[in-house]
2 protein chains.
Amino acid sequence: MPPTDLNMTPGDSTRGRILLEAGPIFAEKGFRATTVREICEQAHVNVASINYYFGDKRQLYHQTVVLAREMRVEQVPEPNWDDTTDPQQKLLDFITLILRRLVAMQTEPWQVRLLMREILEPTETCKHLVEEYFRPFFDTLCGIVDDLVGHRLPEPTRNKIGFSIIGQCLYYRFSAEMTRLLIEQQDYVDQYDLDNLAHHIHLFSIGGLKQYQTLENLRPPNSIATKQ
Amino acid sequence: MPPTDLNMTPGDSTRGRILLEAGPIFAEKGFRATTVREICEQAHVNVASINYYFGDKRQLYHQTVVLAREMRVEQVPEPNWDDTTDPQQKLLDFITLILRRLVAMQTEPWQVRLLMREILEPTETCKHLVEEYFRPFFDTLCGIVDDLVGHRLPEPTRNKIGFSIIGQCLYYRFSAEMTRLLIEQQDYVDQYDLDNLAHHIHLFSIGGLKQYQTLENLRPPNSIATKQ
DNA sequence: AACTGTATTAAACACTTGTTTAATCACAAC
DNA sequence: GTTGTGATTAAACAAGTGTTTAATACAGTT
């Protein structure tokens, strides 16, 4: 029976080497388009090794996604807050955390690409990802929103505010390549760095949140007039 | 030489039938994972027909993307405004237009899936898409933002506001499947219908825009304090 | 009826895919 | 030294890929 390499630094063993070489390739080309032969060539192992260590290609993919999440959490740790931390500061920190960990401006680590693939086209692996990672992440954001609004919002409303904040951030990951076609290349480098973007999204979101601080905006949308 | 079917209703001819059957399959599985044999089987044509009519698989794909855009514009026409239309109403109409045409809540027409693929992983076809479709679309939004803010913003700032609005909308397309894993299935059906979402995004964005109506927030982010 | 150019077809081609097999290697235990 | 066990290998396998070819069918024209 092949070894499982739990709690070991990948890269030392043959199994770990496969994992670390497979990750970037899966991230770049997706599960289907990636060939086991390319992975094995990169890792300098025989084509049979993948089936020997992981059973099949699918289980290897699953393991790379799990590893990607673990590495990303370690690479970009959460900010440490205490009871006195200002909610506005918390929001800015949180936006910065998303941009750093999941958007990764300019650069694009393979771990990020892989996780984005799971958001866009979830496989079985994504359920694991949501429960272990995204849900606690989102709950943290909802807590900050509650503090900033100052009173209890209906859950769907609070969720939508959360999605508005996350959506602004993730735009720069999902639409990055198209955005580069849309605006001046030089502007993109100069004006869309991490701090600049975090500042804008924070400012814009604080404004959006203010709309929900007054109770009058909480009524449901009664007969919105839209054409067609 | 095979016919080109310009200005013809697809579906009548063999060529048109291939195009209409290829679209949904490319949308569902992507270019690479789609096989010409599956397309030909669906369209009840011989495997050689694709090469006969389109040259190769790639050119067929390009034509399906162009067709998808044309159909989507026709299916969801732009609202008609005049000089007296309120900018706030314009913004709501525009948000509704994005949600209808590009996000398509609940349902997911193959044309939308195909266009999203081009945003996420642009091929050569995307350049054509940006110039013919996305750029004028985005310019319209920027015009509305200008009207609402009331004074001239630096272009990168105005663009970022535009991206904040579009980002909130596209979130519900890109992260739709993951969001369904995150929140109650029933809530998603009840609380995230098109009008409800348009209302929230409109309200939230109006708040965000107000932050830029006062000139004081226009200074660059000077030394934002973020951990790590 | 013969010709012409387009449309369609079955079959073959050359190549890549994930997986399996059986042989070989390395190395510790006895 | 022999044995045994896990690691690694080259080779083969079976299925699927996009594309090409050469033959055939079918109109419309002369």
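Because only heavy atoms are used, hydrogens play no part in the values below, and waters and symmetry mates are left out as well, while side chains stay in. In what follows, every chain begins at residue 1, and chains take the letters A, B, ... in the order their sequences are listed. Everything numeric here is computed off the predicted structure, so don't read it as measured data.
For the pair Lys29(A) NZ and dG18(C) P, the computed distance is 10 Å after rounding to whole Å. Between Ile39(B) atom CD1 and dT19(D) atom P the separation is 11 Å, expressed in whole Å. Between Ile18(A) atom CD1 and dG18(C) atom P the separation is 14 Å, expressed in whole Å. Separating the CD1 atom of Ile25(B) from the P atom of dG18(D) is a distance of 11 Å, rounded to the nearest angstrom. Rounded to an integer number of Å, the gap from OH of Tyr53(A) to C1' of dT19(C) is 18 Å. Distance Phe54(A) CZ to dT20(C) P: 16 Å, rounded to the nearest Å. Rounded to whole Å, the distance from NZ on Lys57(A) to P on dT16(C) is 16 Å. Distance, Asp56(B) CG to dT20(D) C1': 13 Å, rounded to whole Å.
Neither side chain, Asn51(A) nor Lys57(A), offers a donor N or O lying under 3.5 Å from an acceptor on the other. A donor-acceptor pair shorter than 3.5 Å can be found between the side chains of Tyr171(B) and Thr179(B).
Between Phe137(B) and Phe94(B), the distance separating the two ring centers is shorter than 6.0 angstrom. Taking the six-membered ring wherever Trp is involved, the centroid distance between the rings of Phe138(A) and Phe163(A) falls below 6.0 Å.
Applying the ring-ring contact (aromatic ring centres under 6.0 Å, His included) test to pairs two or more places apart or on separate chains, none has a residue in residues 97-132 of chain A.
Of all non-hydrogen atoms in Pro77(B) and Leu97(B), the two that sit nearest each other are O-CD1, 3.6 Å. Shown here for Leu153(B) and Ile161(B), the closest heavy-atom pair between the two residues is CD1-CD1, 3.6 Å.
A cation-pi contact, defined as under 6.0 Å to the ring centre and within 45° of the axis, links Arg58(A) to Phe31(A).
Among the nucleotides dT19(C), dT17(C), dT20(D), the one closest to the side chain of Asn51(B) is dT20(D). Checking dT19(D), dT17(C), dG18(C) against every side-chain atom of Arg32(B), the shortest atom distance belongs to dT17(C).
When the local axes at the two ends of the helix from dA1(C)-dT30(D) to dC30(C)-dG1(D) are compared, using 5 base pairs at each end, they differ in direction by 20° after rounding to 10°.
Salt bridge annotation for Glu118(A)-Lys127(A): absent, with no cationic side-chain nitrogen under 4.0 angstrom from a carboxylate oxygen.
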| task | Can you check each nucleotide of nucleotides 22-28 of chain D against protein heavy atoms at under 4.0 Å and return B for base, S for sugar-phosphate only, - for none, in 5' to 3' order? | result | -------
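Applying the 4.0 Å criterion to OP1 and OP2 of dT8(D), one finds that Thr14(A) has a side-chain N or O inside that range. Dashed line: the shortest gap from a side-chain N or O of Tyr52(B) to OP1 or OP2 of dT9(C) is not under 4.0 Å.
When the side chain to side chain donor-acceptor pair (under 3.5 Å) test is applied to Gln191(B), no partner is found at least two apart in sequence or on another chain. For Arg135(B), the salt bridge (Lys or Arg N to Asp or Glu O under 4.0 Å) test picks out Glu131(B), with sequence neighbours left out.
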Could you pull out the protein-nucleic contacts involving nucleotides 11-13 of chain C (nitrogen or oxygen on both sides, under 3.5 Å)?
none

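The backbone N or O of Ser164(B) sits less than 3.5 Å from a side-chain atom of Gln168(B), completing a donor-acceptor pair.
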